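Computed over heavy atoms, backbone and side chain alike; hydrogens, waters and symmetry mates excluded. Residue numbering restarts at 1 for every chain, and letters A, B, ... go by the order of the sequence lines. The model shown is predicted, which means the values in this text are computed figures rather than measured ones.
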Amino acid sequence: MAILLLLSVSALTFGAMNVLGDPLFNILGPLAGDVNNPKSAALIEEVKVKYDLDKPLPVRYVKWLGDFVTGDMGVQFSTDGQPPVSGLIKERIPRTITLLIMAQLLAVMISIPWAAITAARAGKRSDKISTMNSFFLLAMPNFALAILLKYIFSLKLGWFPLTYKAIDPYFERLRQIFLAAVTIALPAAAVYQRLLRTDLITTLQQDFILMARAKGLSRSRVIFRHAIRPSMFSFITVVGLNTGGLIGGSIVVETVFRIPGIGSSLVESVLREDFPVVLAIVMLIALAFVIINVLVDILYSIIDPRVRR
Amino acid sequence: MAGTGKAHLRNSPDVLLSVNELVVEFPVARTGLKVNAVSGISFDVIKGETLGIVGESGCGKSTTGRAIMQLPAPTSGSIDFNGQELTTLSKDDMRDARTKIQMIFQDPISSLNPRRKVRDIVLEPLLVWKRGTQEERDILVNKILEDVGIDPQRAAESYPHQFSGGQCQRISIARSLVLDPQMIICDEPVSALDVSVQAQVINLLEDLKAKYGLTLIFIAHDLAVVKSISDRVLVMYLGKMCELASSDDLYARPSHPYTNILVDSIPEPDPEVIYAPTAVMGEPPSPINPPAGCRFNPRCPNVQDRCRVEEPEMREIAPAHFVACHNPLTY
Amino acid sequence: MSEETIIVSVSPDTEINAAIRKKIGWGFWLAISWVIFITLLAILAPYLHLKDPRGYFIDIDGSGRPPYGPSFEHWFGTDKDARDIFSRSLHGARISLIVGFSAITFGFIVGGTLGIIAGYFRGWLDKMISFTFIILLSFPSLVLAIMLTALLNRSLFTISMILGILSIAPVGRLARASTLQFSDREFVLAARQIGASDSRIILRELLPNVVIPMSALALLGMAVAIVAEGGLAFLGLSVSQGITWGSLIQIGSDSATTLEKAPWIAFFPILLLFLTVLSLNFAGDRLRSHLDVKESSL
Amino acid sequence: MNDSDPRTTTPLLEVSDLKTYFRTERGTVKAVDGVSFSLQRGQSLGIVGESGSGKTVLSRSIMGLLGRTNLFREGSIKFNGQELMGLSVKEMRSIWGQEMSMIFQDPMTSLNPVMKIGRQIAEPLMLHLGMNKSEARLTAEKLLTDVRIPEPQRRLNQYPHELSGGMRQRVMIAIALACGPTLLFADEPTTALDVTVQAEILQLINEQRVDRNMSLILVTHNIGVVAGNTDVIAVMYGGKIVEKAPTKTLFSSYKMPYTEALMRSIPKLRQASHTRLATIPGRPPDMVNPPLGCNFAPRCAYARPKCLVEEPELTVTENPEHVYACFYPVGSPEYHERKLELSQRSDLLSTGGQN
């Protein structure tokens, strides 16, 4: 199933790129339409052969797929003398992964205690205030939040550096990434909190919680031993699924904080109309996302004894 | 014991419904296994009779009721209704046949569309079949609503959630009556209701049966309720038949060990009746992998070697009293 | 932090349940009012005698150079080219709202139909449709949007369609799930046993039940689409002609100096975007919990 | 209080004028509205009522297991001579599990689905009795044997979903019995089970009650369930106890027309089939706006004008254990008079050709 999905996703992406877009035009620009000029025509032929554009689509797809799995993602169209796509990705991907892991950890670390506290006080004032807070966070588009945080913490308070420099010391770079990670993490934490809170409230209304209370267990034991675990299932699923949202967020946030990661290079290459790069990045993200979903499924069955067989 | 056979089928011109060797199986998702919900049931119902089907959860009694309506169609077996074989009907013919058999469900609230007004729900079948003029339809719907004890005025402006459970069940009954069916299959119609309301609905069904000349199949897990309303009772266990007899006979002389346990287990609302249920071992096995021989053998107090290998067939041990057991208790 | 705060259901008795039915509350109406207000302003923007959104209002007499801060003349201030932010924000609302509205409409029509069909007929049809949804969901939505904008021209129509495509899978999955849930309800069985046809059951029995709870999703989905459009515009990938909130924000934040010296350029459009998204989210959420509560009390 | 041992002189549980209201947006739900009764050590009390009668809320209110938001609770609950009303949750906790415990209706949802059964039983043992892990495990195994679960050792390592419904209910009983409580609440313990399983569970509860000299409060809607299993029965209607009597007395000489109607509306196996059942018209009262007088008056065939305006108090019959709340109880002259009228009217109706 997962493999079928991976193949469909990659074929679809490849197909869309090559059918909807015109690779020839992207390489040669206006020259591509200039078939009457023998000089251009020769160039077109040359490029077609060089990039396998003369072959039918399925053949190109199979060849491209073979290359892709072996790590060869082709060369960038637009700029001669640039490193191959794989080189670009290899350089940039660690930053994005750092950013995503940091953001995900922050979001989870914030959301669990937040949810536990609000669920235990559901309906009270502190819970209502927290609900309002999460509404505000959720209504703030990530680019706007990024600008706001950048304005406050980098420009006005100066706590975080304004730009990411690859030559900076590791800690300095991490600080820059940290602010970006917070930007992604805050709304994500709000999403997780709301979900976990709802599930916790549902769980707290179940008979087995009443049973646990009737045993005379303490409040914290009831919440942490009895209520949290059965409430975690959809939480885990959503944390997994939300990785897609975080990747989307990272595209925007990397642009705002000028972090040269995968996301910002996706935007750059789209603006440059550099197809191999766009294709490689989209594919990489989609594949990573599919794999994460599969992993979440497996994790889910490990945690819930009812699913385990 | 819980077994097959057709000795109890009657050969009468008045037979309205005759079910033969009905089998219903469901696949279990992803495993390739199947649930043997109903495994070879035969029974018949004559006009004007009330047949009760009783059994514990998972015995296939509701599945049987739905299989008659082809919702979903049974895996095999034949269902003869008024001379018409239901299992081979085309989709359109089946739609037509369904108007003559109607069904009432257990959950009165879930069986009414929450977003439609009550009167429209009752009117709907007439619109589907484009019966009568608008005026005729209005008269009929109002009459039936009054017959089941619902104020038509209120029904015209209210949604189901504005009625109590008992009233919703009355509305379901009204809906099943508007197409003037010959038979109504009642699937646990009172088990979701409070006792005081339960009695109202049972009495209503008895009255309507007489007034509209209906034939009823009454499915429930409560033996006392089934006995109260039925002429004959069929006891089911794990997709098979155990015993079939007139309801008074069945209670007075239960022959199948399972029927006996069932009768014994019911706590009578009377402290003078000493409550000492016969011990029964364990709980019903899974219908995915039913036991060989008589399906009741792992729990039967009188089990013998024969019961573990040979499946008993229904046989007449007294006039109109049938049992599927190798060594029945009475007679 | 006292002990008594663990809430435990007090719902053994149905009477109590019925009593907990909620009112939708004034917050919902406030939020809806804002959405209507901003929509009206956006529609009427060309007729409101606003300053020309493309005009340059360089203050020749004053000593300063643009950008000018908020003043009586320019309520929201101006950008570096001395263009009036207030007027531009209201004109920008037009594209944002049109895209949000048409995207979610498209998503609902396509996704909703597919979802209901999959949920009602089940079987291989369901498998195929569900697989399509899974494929669509295999792309993080912004990535899919970026890929498609890269391939297509960036007109108002295509951007709306692209965001509409993104909403197909989430809408469709919800429609499928609630169709599945409702087709198990006995009233659907009851409709089949009175002999109603499939199309009648879908239209008369299922559709009202599926669509009403989903109306809450429409509000939430519109918010998502508006944010997504904002994100694309911010990245320079949205509608190539015209002003949108996202592009205004981008102009205000393209360099650290602009952001530091003239934060209003970015902040006023952010505020409008924020309030609109907040209202849509809030109204949608209220509506959802309102409908859910009613549902559960049935 | 200190000079005499309350354990011998006072009943185990004494509830007086207990009120439990919930504030909702629709108004105040008077779920339990002034209930008083007492329960002796080792005695079993059945509380019978239809849905909405307040029987479940009553048992949870006595135990103090209701959440405190939007809750109003008043009256007195004396347990072993100690006043429970006003105790903090922390103080209640030492009573829960140890002195009082509860079995719930649905064994499916009352066990933690992601915790092994052994741990769920061991938990109160370790908490209240200070046992260590291995002691608790041994005791848990013994408890499972007590509730007649085969292969107890293997069961300890299983999750609830791996057991059948009846087995789960046995596990619940084991948990409730773990710390040797003196009072056991059983809230519809067999409603979710099949009849054959129900019989076993009821037997088990009763057996354990006698063995451990516990008191039992059995809450149910099924009169049959309490008939053979309790010493005393209290009938609840509209948040109040309307009649309470020793089991045999209640069945032989009920006084409340509601009790009568309830008994006669149940189909009984011993009756011939198609026996016409008695019905109670209408539906239970709305507990936000209960009727002015007797709660049952609007549905009562014997109600007179007084019943609609004045609320009857609990009255003692010649048997001091038998109380009821009715102005015109079964057997009173007014009751007979109305009964005669009713039978004449139904005769008229049937001869008049009306349906």
Side-chain angles (χ1 to χ4, degrees), chain B residues 50 52 55-59 147 164-167 193-204 206-207 211 221-231 233 246-248 250-251 258 261-280 282-284 286 299, chain D residues 48-53 150 164-167 190 192-200 202-203 206 220-230 233 246-252 258 261-284 299 355:
Chain B
T50 301
E56 292 179 287
S57 56
C59 73
D147 277 352
S164 69
Q167 287 171 319
L193 305 176
D194 268 325
V195 265
S196 62
V197 182
Q198 169 179 302
Q200 294 172 9
V201 172
I202 291 175
N203 286 350
L204 177 70
E206 294 266 32
D207 293 344
K211 187 164 181 181
H221 67 273
D222 186 332
L223 187 53
V225 169
V226 172
K227 186 197 169 218
S228 160
I229 197 169
S230 311
D231 301 308
V233 175
S246 80
S247 56
D248 292 328
L250 185 88
Y251 167 69
Y258 176 65
I261 287 167
L262 212 54
V263 171
D264 260 4
S265 301
I266 295 171
E268 271 284 88
D270 184 347
E272 302 296 332
V273 177
I274 295 157
Y275 181 59
T278 319
V280 54
E283 290 173 43
S286 148
R299 300 175 71 199
Chain D
V48 185
E50 294 183 275
S51 60
S53 63
S164 67
M167 286 296 155
T190 58
L193 304 174
D194 276 328
V195 247
T196 53
V197 183
Q198 158 170 305
E200 292 177 81
L202 287 175
Q203 269 184 335
N206 241 335
T220 179
H221 70 279
N222 187 338
I223 290 196
V225 166
V226 285
N229 292 286
T230 52
I233 294 179
T247 305
K248 285 193 177 168
T249 317
L250 186 85
F251 280 93
S252 57
Y258 173 66
L262 201 59
M263 300 256 186
R264 293 183 41 199
S265 63
I266 306 168
K268 288 167 203 71
L269 272 177
R270 288 176 305 145
Q271 284 167 349
S273 65
H274 302 297
T275 304
R276 190 83 181 166
L277 298 169
T279 60
I280 310 176
R283 54 201 277 197
R299 302 173 74 190
N355 62 321

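From D/Q271, atom CD reaches atom CG of B/D248 across 10.5 Å, with rounding to the nearest 0.5 Å. Distance check: B/I229 CD1 to D/T275 OG1 gives 12.0 Å after rounding to the nearest 0.5 Å. Rounding to the nearest 0.5 Å gives a distance of 10.5 Å between CG of B/L193 and CD of D/E50. The OG atom of B/S196 lies 11.5 Å from the NE2 atom of D/H221; values are rounded to the nearest 0.5 Å. Note that CD1 of D/I266 is 12.0 Å distant from OG of B/S228, once rounded to the nearest 0.5 Å.
Of the atoms belonging to B/Q198, it is side-chain heavy atoms, and not backbone ones, that fall under 4.5 Å from chain D. Within the 4.5 angstrom heavy-atom criterion, no atom of D/R264 approaches chain B. In this structure, the portions of B/D231 lying under 4.5 Å from any heavy atom of chain D include both its backbone and its side chain. With a 4.5 Å cut-off on non-hydrogen atoms, B/Q200 touches chain D through its backbone and its side chain both. With a 4.5 Å cut-off on non-hydrogen atoms, D/A261 does not touch chain B at all. For a residue to count as touching a neighbouring chain, one of its non-hydrogen atoms must lie under 4.5 Å from one of that chain's; by this rule B/V263 touches chain D with backbone and side chain alike.
Taking the side-chain hydrogen bond (donor to acceptor under 3.5 Å, both in side chains) definition, one finds that B/S230 meets it with nothing, sequence neighbours left out.
Of all the listed residues (D/S164, D/S273, D/A227), the one sharing the greatest number of non-hydrogen pairs under 4.5 Å with chain B is D/S273. Here D/A272 is the residue among D/P281, D/S252, D/A272 with the most heavy-atom pairs under 4.5 Å with chain B.
Inter-residue side-chain proximity for D/V195 and B/L223 is flagged as unmet; no heavy-atom pair is nearer than 4.5 Å.
The only member of D/V225, D/I223, D/V226, D/T190 that meets side chain to side chain contact (heavy atoms under 4.5 Å, CB included) when paired with B/P267 is D/V225.
Nearest heavy-atom pair, B/A199 versus D/A278, reported as atom, atom and distance to 0.1 Å: CB-O, 3.4 Å.
In this structure, B/N203 contributes its side chain and D/R276 its backbone to no donor-acceptor pair below 3.5 Å.
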Could you walk me through whether B/K227 and D/L269 pass side chain to side chain contact (heavy atoms under 4.5 Å, CB included), step by step? CA-CA 7 Å; B/K227 186 197 169 218; D/L269 272 177; 3.9 Å; yes
